[in-house]
Number of protein chains: 2
Amino acid sequence: MPSGRRPTIQDVANHAGVSMATVSNVVNGHAHVRDGTKKRVLEAIDALGYQASRAARSLPAGRTFLLGYCLPDDTSPNAALDVFLHHVVSTAARADLEVLLFTQKDLDKVQPYAEILQRGGADGFVLSGIDYNDTRVDFLEQRGIPFACFGRVADESVISVDVDGAAGIQAAVSHLHSLGHERIAFVGWPEGSATGDDRFDGFSTLAIALGLDPQRVVRTLNDFDLARKLVPALLSDHRPSAVVCVSDTVALGVLAGLRDEGLTPGGQIAVTGFDDVPAASLCAPSLTSLRQPMDRVGALLVERLVARLTGEDAPGSELVEPDLIVRESTIGASEAALADESPPTQEGIL
Amino acid sequence: MPSGRRPTIQDVANHAGVSMATVSNVVNGHAHVRDGTKKRVLEAIDALGYQASRAARSLPAGRTFLLGYCLPDDTSPNAALDVFLHHVVSTAARADLEVLLFTQKDLDKVQPYAEILQRGGADGFVLSGIDYNDTRVDFLEQRGIPFACFGRVADESVISVDVDGAAGIQAAVSHLHSLGHERIAFVGWPEGSATGDDRFDGFSTLAIALGLDPQRVVRTLNDFDLARKLVPALLSDHRPSAVVCVSDTVALGVLAGLRDEGLTPGGQIAVTGFDDVPAASLCAPSLTSLRQPMDRVGALLVERLVARLTGEDAPGSELVEPDLIVRESTIGASEAALADESPPTQEGIL
DNA sequence: ACGGTTTATTGAAGCGTTTCAAGAAACGTT
DNA sequence: AACGTTTCTTGAAACGCTTCAATAAACCGT
């Protein structure tokens with residue numbers, strides 16, 4: 001019977017001829033409700049277009065039906081933030097949870113989480129950009145707040161999903177090795193980042209196993225221009241036939257640097273990246289890279305977090321394998337074009 | 001006096017020796033509170049680390065302190081989603097609002113908004129990806145829900161902020177014209193998208209004004225490969241000396257296509273894009289493009305939305321100008337390098 | 001048909017705020 | 001010092017839901 005106002009549980013109860021408590025039981029499935037009663041209640045809900053108010057549910061229930069996610073400040077690994085968020089949000093929705101977005105104001109990584117908890121703002125958190133000894137992990141763990149990390153955490157009981165960077169790099173190295181490359185160099189980041197070290201380990205381990213020279217390593221920041229300028233030094237000694245890079249940004253820089261040196265990447269020298277940023281397919285030669293399955297990571301994190309919120313004990317850490325996307329930078333433009341049988345002209349014009 | 005539980009307004013009231021109502025008044029600045037009283041209350045709040053529970057505030061206040069944002073489904077204009085969201089969230093935070101993220105489940109664009117409203121889930125919405133006759137706009141307007149649009153809306157009273165695509169393209173054309181280019185072609189999208197039509201209008205208008213040939217237009221989907229394959233046709237007739245593209249994706253395709261034809265983009269033929277996606281600076285030659293000021297757009301949208309929520313009447317629509325970022329694709333690698341005075345070797349290695 | 005059990009349903013007490021009418025203080029005036 | 005004003009402060013009623021003890025209804029065996 002609501003006029004302009006949203007229908008309340010009381011309206012539904014009246015409409016169905018039952019008490020508020022029964023409606024609540026139907027909605028939340030808490031107690032046994034007889035089939036006939038349940039049917040009438042559901043019809044009333046349908047007729048009135050009822051949805052429980054989140055605020056009103058939260059108060060007595062002591063939970064917010066909200067998952068918090070802090071937007072990372074640095075734009076580095078955000079390549080697929082949209083895909084990640086999309087899956088976080090839609091997986092959460094399946095468990096009747098919504099996602100609360102927030103940011104950090106200053107350098108204190110923990111402060112925004114503390115603030116949200118103080119105001120009873122979320123039931124749990126999804127963290128990304130985890131590095132060694134992340135302060136947020138300790139903070140949340142101490143307070144017993146449920147959370148799930150995109151990234152590696154030492155404590156096995158913490159929910160964490162990470163992309164297997166080592167395996168990814170090894171897939172790239174194997175790919176190159178099977179193509180006949182024996183002199184494979186690695187361009188990495190400075191030691192000290194969880195992601196960078198992991199990827200380097202992958203190279204190092206497989207290089208030794210395959211009998212390659214594991215010392216052929218150069219390190220640089222994750223910067224296009226720095227990587228570009230490093231190429232002469234990379235080629236100076238005993239020229240590699242392939243370069244495996246820790247990231248697409250670095251790989252794209254190397255690609256540019258090789259061209260500066262008059263070499264044809266893909267043809268004369270192979271290059272691989274990591275992350276499969278959009279630019280990897282938007283350049284020529286297109287870049288062979290490793291796609292992080294952000295969809296799976298996002299969904300997995302939330303599934304496990306939901307399980308833990310529900311009281312089930314969810315498994316802790318898990319690694320997901322990135323997919324090797326082979327493009328022109330390792331197989332050459334000619335071979336890449338084989339898949340592509342279209343006439344050369346008047347194409348693409350509408 | 002709370003042991004493990006979060007302090008409530010009652011705890012603060014006790015601690016300060018006042019009533020709950022007074023604490024509420026201090027927190028919300030609703031009534032006049034004497035300075036001495038206010039001071040004691042603030043001290044108590046500080047001592048206890050009190051923050052009002054969002055759920056509990058919402059219930060009697062009838063608002064949620066939440067702004068809703070629906071993640072766009074298509075990944076096309078999401079280039080700077082992270083920057084946009086960052087500013088939306090932090091601007092909202094300044095007004096004591098948080099951001100609720102959601103997605104659409106099916107093709108119905110309106111449904112998720114309806115659902116959130118039914119459950120009293122948000123006080124207002126930020127919309128992006130607005131196109132002609134967006135159903136969401138009508139829906140929200142009819143219900144009197146406050147919202148702000150990233151994109152153009154016919155109704156002037158609706159809050160909308162958009163990037164001036166026409167002005168952006170004109171900046172690119174002017175740039176090229178001042179460089180001496182007289183034969184400038186435009187590669188656009190098919191007619192019918194608000195963004196694409198706007199950008200094309202910019203070209204068309206200025207081309208006429210400058211006495212260029214405004215007919216030198218080719219249209220294609222926003223796809224790298226299609227754009228790449230369209231280059232031979234683009235060059236066939238009366239070869240242009242510069243190509244203005246409706247987007248970076250198209251421009252990068254054109255760049256690749258030109259190289260396929262044995263031409264040197266930047267040197268022999270200039271190219272511009274639009275959006276300044278990361279790839280624009282991660283390729284060689286780097287791409288001259290137009291950066292959309294997503295920071296300003298996000299902040300402006302939320303500022304105005306907040307004003308409207310507060311009862312002030314905020315101005316409706318506004319256009320912000322994109323920034324022309326000049327790179328090698330229009331001025332050539334040599335000139336671009338002038339800014340860059342570093343020795344060519346051993347650079348970038350750590 | 002009747003007590004004993006199990007299963008459904010409900011009344012009412014919160015949950016932590018806001019809000020507003022009403023009461024208490026302070027402040028000017030005379 | 002008493003009175004009318006104005007300025008502060010407060011009690012208590014919502015807000016819409018969950019929950020749980022308590023009641024009612026159905027069921028079962030005899």
Side-chain angles (χ1 to χ4, degrees), chain A residues 1-42 44-45 48-66 96 116-121 123, chain B residues 1-2 4-42 44-45 48-66 96 117-121 123:
Chain A
M1 287 54 188
S3 48
R5 72 171 209 290
R6 300 181 337 118
T8 72
I9 200 172
Q10 182 67 75
D11 296 320
V12 176
N14 292 154
H15 191 103
V18 298
S19 71
M20 280 173 16
T22 299
V23 178
S24 176
N25 283 333
V26 169
V27 172
N28 299 296
H30 273 325
H32 282 197
V33 178
R34 219 178 318 160
D35 281 352
T37 316
K38 183 185 280 182
K39 186 155 164 283
R40 269 182 303 145
V41 170
L42 290 175
I45 287 178
L48 271 50
Y50 169 78
Q51 274 231 233
S53 132
R54 193 191 321 108
R57 294 180 75 187
S58 297
L59 200 41
R63 36 203 227 99
T64 60
F65 307 94
L66 253 29
D96 190 23
I116 291 197
L117 289 174
Q118 269 185 347
R119 94 172 59 112
D123 295 338
Chain B
M1 286 50 186
R5 75 173 207 289
R6 298 178 343 115
T8 73
I9 201 173
Q10 183 67 72
D11 296 320
V12 176
N14 293 154
H15 191 103
V18 297
S19 73
M20 280 173 15
T22 299
V23 177
S24 177
N25 283 333
V26 169
V27 171
N28 298 296
H30 271 324
H32 283 196
V33 178
R34 219 181 315 161
D35 282 352
T37 315
K38 182 185 281 183
K39 186 155 164 283
R40 270 182 303 144
V41 170
L42 290 175
I45 287 177
L48 270 51
Y50 169 76
Q51 275 230 236
S53 131
R54 190 191 325 108
R57 295 179 75 187
S58 297
L59 199 41
R63 34 202 228 99
T64 60
F65 307 94
L66 253 29
D96 190 24
L117 288 174
Q118 270 186 347
R119 91 174 61 113
D123 295 338

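So that the names make sense, note that chain A is the first sequence line, chain B the second, and so on, each numbered from 1.
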Side chain of Tyr50(A), heavy atoms from C-beta onward: which of dC15(D), dA8(C), dC17(D) has the nearest atom to it?
dC17(D)
Separation of Asn25(B) atom CG from dA21(C) atom C1', in whole Å?
13 Å
Charged N to carboxylate O under 4.0 angstrom, Asp35(B) versus Arg40(B)?
no
For Ser58(A), report the nucleic acid contact type (base, sugar-phosphate, nothing); a contact means any heavy atom under 4.0 Å.
nothing
Nearest heavy atoms of Ala13(B) and Ser19(B), plus distance in Å:
CB-C, 3.7 Å
Indicate, with a heavy-atom threshold strictly under 4.0 Å, whether Thr22(A) touches base, sugar-phosphate, or nothing.
base
Does His30(A) put a side-chain nitrogen or oxygen below 4.0 Å from OP1 or OP2 of dT18(D)?
no
Can you tell me if Ser24(B) touches the phosphate of dT17(C), counting only side-chain N or O atoms and a distance under 4.0 Å to OP1 or OP2?
no
Atom CZ of Arg63(A) and atom P of dG16(C) are separated, to the nearest Å, by 16 Å
Check whether any side-chain N or O of Arg57(A) sits under 4.0 Å from OP1 or OP2 of dT18(D), and answer yes or no.
yes
Is any side-chain nitrogen or oxygen of His32(B) closer than 4.0 Å to OP1 or OP2 of dT7(D)?
no
I need the CD-C1' distance between Gln10(B) and dT18(C), as an integer number of Å.
14 Å
How close or far is atom C1' of dT9(C) from atom CZ of Arg34(A), stated in whole angstroms?
9 Å
Specify the separation, in whole Å, of atom CG of Asp35(B) and atom P of dA25(C).
20 Å
In whole angstrom, give the distance that lies between atom CZ of Phe65(A) and atom P of dG16(D).
17 Å
